[in-house]
Amino acid sequence: MLPQEIPEFSVSCFLDLPNQLVIRTDIERTRNGLLNKQEKYIMQLLLTYYCKEKSISYKQGLNELLAPFVVLMKEGCGLNEIYLMFSSFVDKFLHNVFVEEDFRVLEALLMLLRLFVRYYDPEVLKFLNENGIGPELFATPWFLTLFANKISDIELLYELWDFIIEEKDPFNSLFISVSFLLSRRNEILKTHASSVPQTISQFEVTSLEELQNILSYSSELKRNLPYSIYLSLKSLDLFNIHKLDWLIPHLEKQYCLSVHPRELVQRAFPNLKCECEGQCEWCSSCKISIPFILVDCRTLVERQAGVIHNSLLLEEGAFKDINTLLAFPDQYSSLKGIFHFGLMGSKPSSSDKDIDVVEHVVNNLYAAFNSKNFPYVSIVEGGYKACHDLILKYNLKIEKHNPQKCLACGHSTKEISKVIRERFNTLRRSFLGKMKKAFSFAEFAFKTVKVKPKVPRNSISMQKQSNLLYKKQFDSLIRNPKVCFFNCKKFDRAKEVDYPENYILVVTPNRICLCTPFHHHTSGEDLPVSIIVEHCKLVKLLKITSKKNNPSTLTFYFFHKKEITLSYSLEDKNTAKNCIELTTNYFNVIRDHQSLRQSLK
């Protein structure tokens with residue numbers, strides 16, 4: 001990390017940062033008993049100098065990172081050498097983590113931790129999610145200090161950091177975090193929900209044997225990861241702050257890891273070589289020794305035009321019967337924890353309305369695997385279309401391939417389109433309704449528990465990922481006489497039909513919320529009772545309309561940067577009328593308050 005010759009420079013500056021008191025306070029409680037008063041003064045000097053040199057504000061965690069380097073002064077290291085080692089270490093393995101005030105790099109790392117824990121041990125993540133415990137509640141200091149706060153023995157910490165330096169992988173902290181968490185899985189799962197965050201926060205590494213087991217397990221986790229997932233991880237360019245505006249929303253949408261089609265094609269055709277003559281990462285580094293099962297989730301019509309060698313075909317009954325789909329993972333219980341499962345749809349997500357039922361089958365089959373605690377389950381990026389195009393690019397053979405009937409070839413005739421459209425239109429409503437009902441309350445187990453991004457004060461929240469409504473919040477709503485509940489269904493304005501699943505429209509004095517049916521717990525614990533599917537602030541309401549031919553169907557128009565419409569079918573026209581009157585009254589109160597505030601300015 002350091003040049004062979006240490007350059008001469010003066011580490012001196014005024015101790016006058018705006019949060020200098022915070023620096024001094026943090027240092028006072030850092031490695032007490034190991035650092036003397038003089039060494040702690042040196043820490044304050046070095047941290048102040050570092051923050052000024054990097055033009056950043058001091059943040060907690062830097063003190064824990066610096067202390068082990070200052071200890072090396074006892075071994076004869078000079079001040080310049082200590083500073084350069086510390087600065088190089090942070091720049092190399094925590095690049096840009098401390099640059100921004102809102103820790104967006106850390107936020108992305110926590111999102112990745114959630115995804116990887118789900119991949120390696122879905123039971124642990126499901127337990128944490130069910131109890132509203134996100135990674136940010138316990139893993140933040142792991143990343144910010146590279147476990148310095150978890151290891152009191154400085155020699156053990158040097159052992160860990162030596163491993164990190166030798167590996168030269170900036171994502172090592174991610175795999176070590178997964179390993180550290182899962183090494184205590186049994187203790188976590190036995191802990192009462194209310195004590196889990198405290199229990200995890202108290203975990204420490206106290207022996208060399210324990211540390212070696214954690215590091216060995218982290219290396220095993222990395223080796224046992226499909227190579228394309230690791231390549232995708234590297235390609236995220238997570239430590240580049242200029243990419244975070246794209247990356248964080250991208251990670252928020254991910255509910256599982258995905259494998260690249262090249263890996264699947266490489267498995268189907270082990271002798272495949274591209275034009276690089278063995279120089280690219282795939283040809284030089286890709287290992288396909290991990291046992292892997294590719295599950296083809298396309299319809300029978302699509303599969304009749306071509307299948308990938310050695311793929312497992314999802315039985316057609318899964319499209320007709322919910323129990324068939326939910327029971328599919330059971331037949332592979334003996335392979336749980338041994339084989340990786342890749343679920344393959346037709347095309348990239350939401351690319352074609354005619355095949356959206358396949359996408360839902362893939363998503364819900366993933367949920368079925370997850371609910372049965374299968375590790376190593378992923379989705380194929382780009383679906384069959386991406387694999388198909390790659391196979392043909394290398395002049396390889398697709399089994400039973402019929403280009404004239406192959407949708408991936410782009411030769412979808414009117415006849416094929418008609419067959420698929422009729423088939424899917426028949427299945428879509430009944431199937432999706434049953435699936436959503438089956439997973440309506442379990443859904444929160446597969447959703448993101450994440451650091452919430454900052455939202456403007458008067459914004460509209462159209463959340464694609466569900467929030468949870470807990471028992472205490474629900475009881476508060478029930479007791480509030482100003483809150484009203486209306487049974488409803490979502491209305492598809494384009495197709496002029498109701499969706500089959502039932503919802504509850506909650507109208508409060510400042511917003512409307514659409515929730516799944518409430519689950520009443522008999523225990524006194526504060527557990528989730530519903531999922532908030534979408535909610536909008538009334539301050540952004542434009543108007544409410546009802547259909548002339550069906551007055552029980554209401555459409556709410558909101559505006560925030562663009563117009564947003566929400567349509568619901570209530571039980572009858574009188575209920576709809578009451579809903580309109582109540583919402584309008586609340587909106588008028590909000591508008592009057594705004595007018596009053598404006599007049600007082």
Side-chain angles (χ1 to χ4, degrees), residues 114-126 178 182 220-233 254-270 286-299 302-303 307-319 322-349 358-388 435 438-439 442 445-446:
R114 172 187 56 80
L115 289 172
F116 276 82
V117 172
R118 173 174 289 150
Y119 184 78
Y120 289 117
D121 197 332
E123 184 178 6
V124 169
L125 188 74
K126 185 162 49 176
V178 176
L182 298 187
E220 179 186 338
L221 292 174
K222 192 188 297 187
R223 286 194 305 270
N224 201 32
L225 186 70
Y227 187 65
S228 63
I229 294 180
Y230 182 69
L231 279 188
S232 297
L233 181 64
Q254 307 304 308
Y255 61 90
C256 69
L257 299 177
S258 58
V259 292
H260 194 276
R262 173 65 190 268
E263 179 153 9
L264 302 179
V265 174
Q266 194 83 41
R267 290 175 179 278
F269 304 92
C286 181
K287 298 178 181 179
I288 57 173
S289 57
I290 297 173
F292 196 98
I293 296 175
L294 174 62
V295 184
D296 190 337
C297 302
R298 296 175 300 145
T299 63
E302 293 173 281
R303 295 198 297 241
V307 295
I308 296 175
H309 179 63
N310 282 339
S311 57
L312 176 68
L313 306 182
L314 180 65
E315 51 199 283
E316 191 180 7
F319 285 87
I322 184 175
N323 294 321
T324 301
L325 180 68
L326 296 178
F328 180 81
D330 296 337
Q331 55 191 307
Y332 302 102
S333 296
S334 61
L335 305 181
K336 182 192 291 188
I338 302 173
F339 276 75
H340 293 247
F341 291 82
L343 312 183
M344 182 177 69
S346 300
K347 288 186 178 182
S349 299
V358 175
E359 184 181 338
H360 281 283
V361 166
V362 171
N363 294 340
N364 288 308
L365 182 57
Y366 175 85
F369 272 106
N370 203 289
S371 67
K372 298 173 189 294
N373 300 323
F374 271 74
Y376 313 144
V377 182
S378 56
I379 288 179
V380 179
E381 184 180 329
Y384 175 78
K385 167 67 175 169
C387 298
H388 167 280
M435 283 308 305
F439 285 104
F446 311 116

(message) Run the side chain to side chain contact (heavy atoms under 4.5 Å, CB included) test on L312 and Y332 for me, step by step, so that the C-alpha distance in whole Å, both residues' side-chain angles and the decisive distance to 0.1 Å come before the verdict.
(response) CA-CA 12 Å; L312 176 68; Y332 302 102; 2.9 Å; yes

(request) Compare every heavy atom of K336 with every heavy atom of K372, then report the nearest pair and how far apart it is. (result) O-NZ, 2.8 Å

(message) Does any part of the side chain of V307, heavy atoms only, come nearer than 4.5 Å to the side chain of R298, both counted from C-beta?
(response) yes

(request) Answer yes or no: is there a side-chain heavy-atom contact under 4.5 Å between V362 and M344? (result) no

(message) Do Q331 and E315 make a side-chain contact, defined as non-hydrogen atoms from C-beta onward lying under 4.5 Å apart?
(response) yes

(message) For F369 and F374, take the angle between the two ring planes, folded into 0 to 90°, and tell me which bin it lands in: parallel under 30, tilted 30 to 60, perpendicular over 60.
(response) perpendicular

(request) Verify, without hydrogens or angle tests, whether D121 (side chain) and V117 (backbone) share a donor-acceptor contact under 3.5 angstrom. (result) no

(message) Test side chain to side chain contact (heavy atoms under 4.5 Å, CB included) on Y120 and L182; report intermediate values, then the result.
(response) CA-CA 9 Å; Y120 289 117; L182 298 187; 3.9 Å; yes

(message) Test your reading of the model: is there a side-chain donor-acceptor pair from E263 to the backbone of Y227, 3.5 Å cut-off?
(response) yes

(request) Can you see which heavy atom on A386 is nearest to which on P261, and at what distance? (result) CB-CG, 3.7 Å

(request) Using the side chain to side chain contact (heavy atoms under 4.5 Å, CB included) rule, pick out the option among L335, N224, V259, L225 that qualifies with H340. (result) N224

(message) To the nearest 0.5 Å, what is the distance between CD on E381 and SG on C387?
(response) 10.0 Å

(message) Keeping R303 on the side-chain end and L314 on the backbone end, is there a donor-acceptor pair under 3.5 Å?
(response) yes

(message) Counting C-beta onward and ignoring hydrogens, is there a side-chain heavy-atom pair between I290 and Y376 closer than 4.5 Å?
(response) no

(request) Report yes if the distance between the aromatic ring centroids of F341 and Y366 is under 6.0 Å, otherwise no. (result) no

(message) So, taking the atom named CG in L264 and the one named CG in N310, what distance separates them when rounded to the nearest 0.5 Å?
(response) 12.0 Å

(request) Nearest 0.5 Å please: distance from the CG atom of L257 over to the CD1 atom of I229. (result) 5.0 Å

(request) Looking only at non-hydrogen atoms, find the nearest pair between A268 and I308 and report the distance. (result) CB-CG2, 4.1 Å

(request) Quick one: closest heavy-atom pair of V380 and G342, and the distance? (result) CG2-C, 4.2 Å

(request) Give the minimum heavy-atom separation between L115 and C256, together with the two atoms involved. (result) CD2-N, 3.6 Å

(request) Ignoring hydrogens and angles, tell me if any N or O in the side chain of E302 forms a donor-acceptor pair with the backbone of T299 under 3.5 Å. (result) yes

(message) Quick one: does any side-chain atom of S378 pair with a main-chain N or O of S258 as donor and acceptor, under 3.5 Å?
(response) no

(message) Please find the pair of heavy atoms, one from F319 and one from C297, that lie closest to each other, and give the distance.
(response) CZ-O, 3.2 Å

(request) May I ask you to check whether N373 and K126 show a side-chain donor-acceptor distance below 3.5 Å? (result) yes

(request) To the nearest 0.5 Å, tell me how far Y384 OH sits from L294 CG. (result) 11.0 Å

(message) Nearest 0.5 Å, please: how far is CG in D296 from CG in L343?
(response) 10.5 Å

(request) Would you check if L325 and L365 make a side-chain contact, meaning some heavy-atom pair closer than 4.5 Å? (result) yes

